[in-house]
Amino acid sequence: DCRREKAEYDLAVEKYNAVIERSASDPAMGKSMKAKALAAIGLCYLRQNNLDQAQTFFKQSIETDPQDENLAYNVGEICFSNQQIDEAARYFAMASQIKPDWPDPYLKMAYVHLNKGDMVKAAESLEAYLKLETNPDKAAQAKAILDSIKK
């Protein structure tokens, strides 16, 4: 990760590939670590503006561990921050399907819908989020956005 953050992408990919190789023979690391390494390689390509390669590795990552809601959510976050709104929506939806009682993907879906100008779906996502969110500060911010939409 440090190599990636220092923009030493070739070295980072080399290290991530070593993790992938080791995870094949190390039950403690298993598919979860392999999936995270694949997503990290995808992020390296994304930072180099190689969207096709990034998507390939993100897809492999999710296919490796399709029941990891955090992985799906994080890939959604990466896509969203890189203006890949439709892809982000797909991963946030996946995260919410894996763990339906987790509020965060619903909030992110609301942001996706807001970016697409779909206020009805944004409001629906915010309402779903508010049903699940127990933190009053986070809920207040979402409620304010919802109130703004409904005006």
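The first residue in the sequence is number 1, and the count goes up from there.
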Between [atom1] on residue [X] and [atom2] on residue [Y], distance to nearest 0.5 Å:
X	Y	atom1	atom2	answer
Asn82	Ile78	CG	CD1	8.0 Å
Lys138	Leu132	NZ	CG	12.5 Å
Lys15	Glu8	NZ	CD	10.5 Å
Ser61	Leu71	OG	CG	3.5 Å

[Y] and [X], any side-chain heavy atoms less than 4.5 Å apart:
X	Y	value
Arg4	Leu43	yes
Lys36	Asp68	yes
Gln55	Gln84	yes
Lys116	Asp86	yes

Self-check item: Of Phe57, Tyr9, Tyr16, the residue whose pairing with Tyr45 passes ring pair (Phe, Tyr, Trp, His ring centres under 6.0 Å)
Solution: Phe57

Under 4.5 Å between side-chain heavy atoms, hopping through other hydrophobics if needed: is there a path connecting [X] to [Y]?
X	Y	answer
Phe92	Leu114	yes
Tyr129	Tyr73	yes
Ile85	Val75	no
Ile20	Leu11	no

Quiz item: Minimum heavy-atom separation for Ala12 to Cys44, with atom names?
Solution: CB-SG, 3.8 Å

Quiz prompt | Criterion side-chain contact (heavy atoms from CB on, under 4.5 Å) against Phe58, the qualifying member of Ile41, Leu46, Leu38 | solution = Leu46

For a quick test of your reading: what N or O donor-acceptor pairs under 3.5 Å do the side chains of residues 139-151 make, sequence neighbours left out?
from	atom 1	to	atom 2	distance (Å)
Lys143	NZ	Asp147	OD1	2.9
Lys150	NZ	Glu127	OE2	2.9

Practice problem: Could you go through the side chain to side chain contact (heavy atoms under 4.5 Å, CB included) check for Asn115 and Phe80 one step at a time? | Solution: CA-CA 10 Å; Asn115 272 271; Phe80 188 82; 3.3 Å; yes

Could you go through residues 93-112 and list every donor-acceptor pair under 3.5 Å that involves a side-chain atom there, pairing it with any protein atom two or more places apart or in another chain?
from	atom 1	to	atom 2	distance (Å)
Ser96	OG	Ala93	O	2.9
Tyr106	OH	Pro100	O	3.1
Lys108	NZ	Glu77	OE1	3.1

Self-check item: Polar side-chain atom of Gln48 near backbone of Asn50 as donor-acceptor pair, under 3.5 Å
Solution: no

Self-check item: Salt-bridge criterion met for Arg47 and Glu5 (N-O under 4.0 Å)
Solution: yes

Quiz item: Are the charged groups of Arg90 and Glu87 less than 4.0 angstrom apart, N to O?
Solution: yes

